[in-house]
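Everything on this sheet refers to the single structure shown next.
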Amino acid sequence: MGFSEEGHGRSKILIVDDSDFNRALLSDMLSGEFDILEAENGMEASAILHSHEQEISLMLLDIVMPVMDGFEMLAVMNQNGWIKSIPVIMISSEAAPSYVDRAYDMGVLDYISRPFDERTVRRRVISTIMLASKQKELAHMVMDQIYEKEKDNKLMVEILSNIVEFRNGESGLHVLHIRMLTELLLKSLLQMTDQYGISKKDIPLISNAAALHDIGKIVIPSEILNKPGRLTDEEFDIMRTHAAEGAEMLRSAAMGEDEPLIKVGYQICRWHHERYDGRGYPDGLKGEEIPITAQVVALADVYDALTSKRVYKAAYSHEKAIDMILNGECGTFNPLLMECLKDVSNTLKEEFNAVSLERDSTQNAILDSVEQIMERGGLDISERTLRLLEHERTKYRFFSEMSQEIQFEYRAMPEMMILSEWGAQQLDMPETILDPRKEDFGQKVFSEEDFTDLLDSLKATTPKDPLVEKNYILNIQGQEHWSRVIARSMWGNEELMEYVGAIGKIVDIHDDMERLNRLELMAAHDSLTGLFNHAEAKKRIAPLLIGDGEKHYMLMLFDLDRFKQANDNYGHLFGDEVLRHVAETIKDSIRSADIAVRTGGDEFMIFMAYKTDMEPQVKRVFSQLTSEYRGFPVRVSMGIACAEDCDGSYDTLFHMADTALYAAKRGGRGTYKFYEESMEHVLAEATDEEGRE
């Protein structure tokens, strides 16, 4: 298996060089472990990055190229932000310090000079990909930690705010509405003016603090809070104290009044009932004496109060509430904020209807906060990176569904089971199952005994050995199936051995075995032609070479002459058709016991037994391979080696056939040659000549 970045299959490398020979040489060095993409210049490379940016793990980039050279390509990568996610190694014979310094200044991570040494190229490529992968992993870890911290902070604010709302007899949506409308009004305000010194990064903080606006109501007697009729003057005076009381609670908070959340929350709590004309409370502030944060929340609070049902009134429609506010029936507000309200009015009704307690209402706010924190902290995590993270999470959910596996997360404290969406549908259960031991999941899908066994097995694991794989008879959709449960325990603190739960999946054993068989079959064969791949061929051939010696074997190695013309003149799709045609011809030319292989590119191999003379079989195969496909002449050069002449090693036999193939191509192509020891000198001389060049 090739080098894999984060275990997601073979990494892709983009080689950008105008020399066919250089690209082929680098591809030969690296294609055994990596998937290769090629471009002749920076312009072609840019087109590839636009459509395959997410897939490319590394770029090998030449400097001197037509159309768009290496430095111009680096400028494009910097402009588009590609240089942050795709590491670049410069490949060039230009070793002048000015070139090297300029390349590093533009974001290149390494520099390899020609001529290329295979070991050096491979080591530097692998090291660079691993370094980039670790940097991404570290950035994601930091971002996840900040994300979780922000989520916890917002969750605590929301819980505290909802305690007040539920005590007030409300549904709990008031907090979500105020936060959302505050965010909408602030975004509109930023588009209209910059006079208040508020920036985009302040919006998540202010919106979060807005949830605390009525925290002071926690000290108001419930009989006043929930009185269905009109309040007396004395009761109203008591109710009005909640603004100052809430502000005082925040001012006295242990975390300190200099904390941004406390400072903004204090302004909102104390002054969100002030009015622009000075007729509000508790301090009778007027106009711009009122902090803009409190002004925005005051408007949001009034709108939600009008459109929500209360113990003392029915809800007004969205249209009626907007008219009442704009007509001054609910007090006087900042004229600029009135314009903001009209600006967001068209989307406001739809947004409010979309809010529900089941939705993660803080998700966007948290992501915004993470983005701003990363910027303030000086980390190179951009909005684009956050989008990529969300993109990865979306892909995970998609593949989770497409895999058609019942995936689950088990949390030990408090004990609950969270199913994937597809898994919940299969089991006809909610996605979140509280107390799974007593619910149907732990007593009907599993037997009670088996479920206890699974949980005990997970708890008995260690951070160094976290995997559990067990088979159980499970009840799925009313039918019993032998199923395999594969799970990994999760640990919150490895030093303290803090077991927190597990993640895992449930698969039908029969389906799982079929899938494994298909995967094994695919792994052994070339995807384009259906022939064996080289790795599988080596596994099958090597044992035959150390057999009892009763059979004679030969290896025919050949490639297509001038195959590049098929791609250049007719396109790569036609080239693929030619390769498939050759593969079908090979299948028609061999016996069931023979081994046919596509070793890579346009190179193929046949391993077969013969009785006394190899040449008749070689002539027959060679003749059948010489053909035409849709007007394109199919011609091959072939090298043949006899297993009896080697030391029983597959690598030696392959080298002999490869040497004979080189001799055939050097002799004029379109022919075949049997291996002779004298060919080694020709190959050595040719290699030496190429090295000097």
From CA spacing to verdict: side-chain contact (heavy atoms from CB on, under 4.5 Å), C642, H552: CA-CA 8 Å; C642 172; H552 305 293; over 6 Å; no
Side-chain touch I486/E469, heavy atoms, less than 4.5 angstrom: yes
Considering all heavy atoms, the nearest D559-E603 contact: CB-CA, 3.9 Å
Closest approach of D62 to M90 (non-hydrogen atoms, all atoms of both residues): O-CE, 4.0 Å
Verdict with supporting geometry, V125 and L60, side-chain contact (heavy atoms from CB on, under 4.5 Å): CA-CA 9 Å; V125 164; L60 295 173; 4.2 Å; yes
Expected output: side-chain R598 to main-chain G601 donor-acceptor under 3.5 Å: yes
Donor-acceptor under 3.5 Å (R620 side chain, S589 main chain): yes
E33 side chain to L30 backbone, donor-acceptor under 3.5 Å: no
Check: L625 and M638 side chains under 4.5 Å, non-hydrogen atoms: yes
Worked check of salt bridge (Lys or Arg N to Asp or Glu O under 4.0 Å) between E577 and R580: CA-CA 5 Å; E577 290 182 25; R580 282 192 287 265; 5.3 Å; no
Between Y672 and E615, a side-chain donor and acceptor under 3.5 Å: yes
Side chains of E536 and V597 in contact at under 4.5 Å (non-hydrogen atoms): no
D588 side chain to T585 backbone, donor-acceptor under 3.5 Å: no
Test item: T529 and I586 side chains (from C-beta on) under 4.5 Å apart, heavy atoms: no
Q617 (side chain) donor-acceptor with I590 (main chain) under 3.5 angstrom: no
A609 backbone acceptor or donor facing R591 side chain under 3.5 Å: yes
side-chain contact (heavy atoms from CB on, under 4.5 Å) assessment of M77 paired with M106: CA-CA 9 Å; M77 292 185 72; M106 296 184 75; over 6 Å; no
Heavy-atom side-chain contact between V485 and I506 under 4.5 Å: yes
N/O donor-acceptor pair under 3.5 Å between R10 side chain and F34 backbone: yes
Taking every non-hydrogen atom, the tightest pair across M656 and C646: SD-CB, 3.6 Å
D561 side chain vs G670 backbone, donor-acceptor pair below 3.5 Å: yes
Step-by-step side-chain contact (heavy atoms from CB on, under 4.5 Å) determination, L474 to I406: CA-CA 12 Å; L474 302 185; I406 299 173; over 6 Å; no
Cation-pi, F574 ring and R630 (6.0 angstrom, 45 degrees): no
Beyond-backbone contact of H534 with F654, side-chain heavy atoms, under 4.5 angstrom: yes
Any K470 side-chain heavy atom under 4.5 Å of L454 side chain: no
N/O donor-acceptor pair under 3.5 Å between R562 side chain and V634 backbone: no
Donor-acceptor contact below 3.5 Å, side chain T461 vs main chain S457: no
Flag side-chain contact, heavy atom, 4.5 Å: F446 against D453: no
